[in-house]
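Take a look at the structure below.
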Amino acid sequence: MGQFDMVKDFFLGMSRSRVALLGAMVVTVVTPLLVGYMLVDTLWHVQNPYFGAAVYLVLGPVFLGGLALIFIGSFFFRGEREVHLFTLEYLRKYFTEPEMFGRLRRNVFLIVLLTSINITVFSLFLYRAYHYMESTSFCGQFCHTVMNPEFTAYQNGPHSRVTCVECHIGAGADWFVKSKISGARQLVAVVADTYPRPIATPVHGLRPARDTCEKCHRPELFHGDKLKVTNRFLDDEQNSEVHDVLLMKVGSAGDRAQSSHGIHWHIAPENRITYRATDHSRMVIPEVRLTGKDGREIVFRTPDADKLLAEAAAKAEEREMDCIDCHNRPSHVYLEVEDALDRQIMEGAIPRELPFIKRQALAAVTVKYPSSEAARTGISENLTRWYQQNQADVIKARPELLARAIAGTQTAYAQNVFPEMNIGWGTYVKQIGHGPDFNIGCFRCHDDRHKSADGRTISADCNTCHTMLAMEEPNPPILKTLRGE
Ligand code: HEC
Ligand code: HEC
Ligand code: HEC
Ligand code: HEC
Ligand code: HEC
């Protein structure tokens, strides 16, 4: 055995084991593919999530499996001339017998070279695979049908340049590991087709907003109020434009000014608000607890709090209020039906010149369609039929108006409704505000029904959160003043 050197022994050992040979073949085939793709991806950032999955989730593990086979094969080889590679005895010989040590030295260069190639490929692989799994295209597009709604709503939101992981995982190894464990569970649910449609919200394992949102936003440094001007269109023949003008008392979470006030008062360090909801959706909140700077507690409860909380029992969770209790749709912005159409009209995608288009588009998008495809054709047929029957002259003179209106209406629908995932208008409720019925969002607490022991209530006064400067006015004087007209 002594006349062979280590490298030769290695190849000899390998050639005598079928397992190791198989491993060698796998590695030989996979390595160029893997290295080639990783170079291309490093240089040009491949966007296609399926190429990435094929390489990082399939080829990568196959490559590692091939390497493992080589070592297992060589290690367990028991042929007529056993090589005993990697045993202590074998290695000891190399280091104790001078002649063999000399051979080892001559081969050191080769061994170091091979090992460093392996380590380089391996680290490049880990690095690229990590980036791939953190990429927006992997999170948003890999499980296409499942994530399509979230991904679409994300692209139309203000955070479309913020990656999914910046909000959903954030920095640090512990959350990275947690996310991969829950990711694996989700992958199983997708493969087994057991995932909920729509995906449940709120997200219960979500990282506390203080660790994620506050990496970029600092409400303690906000101050002053914010003007909110809304353009809306009515359902009359002219699709008349009206405006709401609100002065939002955004306020501050009080940092240097030391005085928190207004809407962001809730998240100031000196105030701690916890609440108990009757179920996981957090829609009904019978009890709110406010702990001030001096540690004094005020509990606000609705008249039926005892009954509701007893019925809810185990499902009633205690939660500390943070950004997400108001900003639950910072990124996945599903518009309400009127807002979605108003936006298309405002952007000119749906032409305002077309008589009654607001009313008719509303009628066309609120039909329940079985699939996105059916919705596309349904909206087109619905509008075409109505305009042919009722506004034939208009669309004959300017057929392009109807074509644009159809396209804009289809967009409004496609960006917000996803029949494949059972997501209709208003499935995902926005908690910032209160909706037209004053029963969601802020009004889960601010309904004047939550009373403390000394009779204080959480205010529903219309001027607590905003001052209303104009409501549905075509030409509000306040806007003229603001614009200096
Ligand atoms: C600006 C921060 C932010 C970004 C960026 C972001 N999300 Fe979210 N995501 C949230 C918040 C907040 C929620 C809802 C939390 C709640 O109500 O509990 C959420 C909820 C979800 C949900 C649950 C369903 C729902 O709509 O409530 C899924 C799935 C999801 N996000 C996937 C993604 C994917 C995929 C991306 C990237 C394409 C992404 N998110 C990017 C903040 C973000
Ligand atoms: C990586 C940085 C980053 C993170 C993390 C982040 N945001 Fe933002 N956010 C931004 C930027 C940049 C904008 C401005 C976008 C623009 O003006 O188009 C923005 C805008 C906003 C706005 C104003 C939206 C509007 O319509 O004007 C709100 C509200 C907001 N973010 C809340 C949140 C919340 C809540 C979270 C945590 C769930 C969060 N952000 C996480 C960077 C971030
Ligand atoms: C009590 C509900 C509530 C909480 C809690 C809350 N916000 Fe807000 N935030 C609002 C409202 C309401 C607005 C004004 C929205 C509008 O323009 O209609 C706002 C506005 C903002 C804006 C835009 C400010 C601007 O001037 O355009 C950002 C950014 C923001 N919030 C971030 C945060 C972050 C980060 C947190 C958590 C640390 C947080 N908010 C907690 C209700 C809340
Ligand atoms: C979980 C319950 C809860 C929710 C949800 C909630 N609030 Fe509050 N809010 C409170 C409590 C409690 C107070 C303090 C009442 C008191 O001290 O009299 C308060 C006080 C306020 C104040 C007065 C702050 C000051 O300057 O003293 C404003 C403004 C306000 N909330 C706005 C909002 C807005 C806007 C929303 C929705 C986007 C909202 N709140 C949602 C619990 C809530
Ligand atoms: C606890 C805080 C709070 C109280 C109390 C409150 N609102 Fe609001 N309201 C909001 C917030 C926050 C929004 C903005 C929602 C958004 O950004 O989409 C809003 C939006 C509105 C809008 C819609 C404006 C638009 O075009 O988007 C109207 C109308 C309105 N409020 C009327 C009222 C009236 C009337 C009352 C009194 C019965 C009232 N609000 C009480 C917080 C409040």
Side-chain angles (χ1 to χ4, degrees), residues 157-171 203 206-219 222 225-226 228-232 242-246 248-254 259-268 271-277 282-283 285-292 298-300 319-333 335-336 338-339 342 430-438 440-448 450-452 454-472:
H159 290 101
S160 52
R161 298 281 185 279
V162 175
T163 59
C164 317
V165 295
E166 278 173 287
C167 290
H168 283 278
I169 305 176
V203 181
L206 196 74
R207 184 162 189 178
R210 316 226 74 141
D211 293 355
T212 50
C213 314
E214 288 185 35
K215 286 277 176 295
C216 300
H217 299 290
R218 304 201 41 204
F222 292 3
D225 298 342
K226 179 186 164 188
K228 187 171 151 79
V229 182
T230 318
N231 306 37
R232 295 200 280 134
V242 293
H243 301 280
D244 297 336
V245 183
L246 293 177
M248 302 298 305
K249 301 180 180 174
V250 173
S252 167
S259 68
S260 54
H261 59 92
I263 296 172
H264 287 116
W265 164 92
H266 304 79
I267 44 161
N271 305 318
R272 182 167 180 270
I273 299 182
T274 55
Y275 65 83
R276 285 212 286 158
R282 301 179 192 146
M283 291 305 286
I285 299 179
E287 184 185 283
V288 181
R289 188 180 302 266
L290 165 66
T291 316
I298 307 178
V299 183
F300 299 91
R319 179 179 150 83
E320 178 163 1
M321 191 170 178
D322 69 16
C323 320
I324 303 304
D325 291 295
C326 302
H327 296 282
N328 69 327
R329 305 270 123 217
S331 164
H332 313 286
V333 184
L335 296 177
E336 283 149 40
E338 295 230 21
D339 294 345
D342 288 345
K430 166 178 101 166
Q431 305 288 22
I432 202 151
H434 36 66
D437 302 328
F438 298 96
I440 55 169
C442 317
F443 273 63
R444 291 172 300 165
C445 300
H446 284 267
D447 59 357
D448 268 339
H450 290 71
K451 270 206 177 70
S452 69
D454 58 2
R456 191 156 127 195
T457 60
I458 308 180
S459 172
D461 185 295
C462 302
N463 288 323
T464 310
C465 312
H466 45 57
T467 313
M468 277 185 285
L469 302 169
M471 238 31 262
E472 279 205 9

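Order of appearance sets the numbers: ligands from 1, and atoms from 1 within every ligand. All values below were derived from every heavy atom in this structure, side-chain atoms included, with hydrogens, water molecules and symmetry-related copies excluded.
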What protein heavy atom is closest to [atom], reported as residue, atom name and distance in Å?
| atom | value |
| --- | --- |
| atom 2 (C) of ligand 2 | C216 SG, 1.9 Å |
| atom 27 (O) of ligand 2 | K226 NZ, 4.8 Å |
| atom 37 (C) of ligand 2 | C213 SG, 1.8 Å |
| atom 26 (O) of ligand 2 | P158 CG, 4.0 Å |

Subject >> Pick from C445, A268, C442, G262: the one approaching atom 24 (C) of ligand 4 most closely through a non-hydrogen atom >> reply: G262
Subject >> Selected option - heavy-atom contact closest to atom 22 (C) of ligand 4, from T464, D447, V250 >> reply: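 Among T464, D447, V250, the closest heavy atom to atom 22 (C) of ligand 4 comes from T464.
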Original post:
With a 4.0 Å cut-off, strictly under, does atom 14 (C) of ligand 2 pick up any protein heavy atom?
Top reply: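 It does not; no protein heavy atom is within 4.0 Å.
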**OP:** Return a yes/no value for H327: is any of its N or O atoms, backbone included, closer than 3.5 angstrom to an N or O of ligand 2?
**Re:**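 Among all N and O atoms of H327, none is under 3.5 Å from an N or O of ligand 2.
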**OP:** Could you tell me whether atom 8 (Fe) of ligand 5 has an N, O or S atom of C462 under 2.8 Å away?
**Re:** no
Original post:
Which bit of H450 is near ligand 4, meaning a heavy atom under 4.0 Å away: side chain, backbone, both or neither?
Top reply: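 The answer is neither.
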Subject >> Of the N, O or S atoms in H466, the one nearest atom 8 (Fe) of ligand 5 >> reply: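 For H466, the N/O/S atom sitting closest to atom 8 (Fe) of ligand 5 is NE2.
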Original post:
With respect to atom 8 (Fe) of ligand 2, what is the nearest N, O or S atom of H217?
Top reply: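 This residue's closest N, O or S atom turns out to be NE2.
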Original post:
How about H450 and F300: are their ring centroids closer than 6.0 Å?
Top reply: no
